[in-house]
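My questions all concern the structure below.
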Amino acid sequence: AQSVTQLGSHVSVSEGALVLLRCNYSSSVPPYLFWYVQYPNQGLQLLLKYTSAATLVKGINGFEAEFKKSETSFHLTKPSAHMSDAAEYFCAVSGWGNYGGSQGNLIFGKGTKLSVKP
Amino acid sequence: EAGVAQSPRYKIIEKRQSVAFWCNPISGHATLYWYQQILGQGPKLLIQFQNNGVVDDSQLPKDRFSAERLKGVDSTLKIQPAKLEDSAVYLCASRRTGRYNEQFFGPGTRLTVL
């Protein structure tokens, strides 16, 4: 079984400060991991994905995440927050070890709402 | 390339009424997903189609929810009859076949059941 835990339902940072959004996963098969962003009244947009290549993954809008197998973590970071980064962020896991019905299916965390103060 | 289209964007109904949502995936995407996103939670998969066949509907409440993708392109999700707890955003996503390909999401339909 797979699951995702996002620590902190709400994170607030000042503009220009470091953004750190935490994600821990549980998976019985080698995981593929994703971060999505959701702006109000919009669908989800992929920020970045880990698919067993480089453990440090760079995404759009200056975000990056590091896969740490020993810690079962995939935390999202950005060195300097911008006002436009205010949104909700979702971590998701997909396991390709099960080639049955769950192929490619995503299991999402509960999300972390990021606020950026001027 | 055009994104995933969904309609309507908003819907308000009374409990016990019926409602239907429509999704048109990105052209060429064989896999289509419907998710339910309750306020304050992450999306939860309801059903997955591969072309016009159902791959996974294990979390679909089949006593009231149904979905179809008859020609392997667009899809309809129906709720009949609706309950208060069905109030949520219903997201459609599509994906091109292939291990590393990502899911692309539509804007969603926000359903309010009164």
Problem - Connected via hydrophobic side-chain network under 4.5 Å: B:Ile13 and B:Leu46 - result: yes
Problem - In one Ile/Leu/Val/Met/Phe/Trp/Tyr side-chain cluster, 4.5 Å: B:Leu84, B:Phe65 - result: yes
Fill in the blank from the handout: By side chain to side chain contact (heavy atoms under 4.5 Å, CB included), A:Gln45 pairs with (sequence neighbours left out) A:Val37, A:Tyr39, A:Ile60
Handout entry: Residues, nucleotides or ligands: over 12 heavy atoms within 6.0 Å of B:Lys62 NZ
Key = yes
Practice task
Would you give the length of the straight line joining atom OH of B:Tyr35 to atom CG of A:Leu106, rounded to the nearest 0.5 angstrom?
Solution key: 4.0 Å
Handout entry: Contact class of A:Gln38 relative to chain B, heavy atoms under 4.5 angstrom
Key = side chain
Fill in the blank from the handout: Under a 4.5 Å heavy-atom criterion, the part of residues 107-114 of chain B in contact with chain A comprises B:Pro107, B:Arg110
Practice task
Check each atom of B:Gln37 against the heavy atoms of chain A and say whether the ones under 4.5 Å are side chain, backbone, both or neither.
Solution key: side chain
Problem - Least distance between heavy atoms, A:Lys49 atom then B:Glu102 atom - result: NZ-N, 4.1 Å
Exercise for the section: Can you tell me which residue pairs pass the side-chain hydrogen bond (donor to acceptor under 3.5 Å, both in side chains) test with a partner in residues 56-77 of chain A, sequence neighbours excluded? Expected result: A:Lys58-A:Glu64
Handout entry: Options B:Gly42, B:Gly106, B:Pro43, ranked by heavy-atom pairs under 4.5 Å with chain A, top entry
Key = B:Pro43
Exercise for the section: May I ask whether A:Val11 and A:Leu48 are part of the same hydrophobic cluster, defined by side-chain heavy atoms of I, L, V, M, F, W, Y residues being less than 4.5 angstrom apart, directly or through others? Expected result: yes
Problem - Linked, directly or transitively: B:Val73 and B:Trp34 (ILVMFWY side chains, under 4.5 Å) - result: no
Exercise for the section: Report yes or no: do A:Tyr89 and A:Ile107 belong to one cluster of Ile/Leu/Val/Met/Phe/Trp/Tyr joined by side chain heavy-atom distances under 4.5 Å? Expected result: yes
Practice task
Give a yes or no on this: more than 12 heavy atoms of other residues, nucleotides or ligands lie within 6.0 Å of atom CD of B:Gln80.
Solution key: no
Exercise for the section: Determine which residues belonging to residues 108-118 of chain A lie within contact range of chain B, meaning some heavy atom pair is under 4.5 Å apart, and list them by number or answer 'none'. Expected result: A:Phe108, A:Gly109, A:Lys110
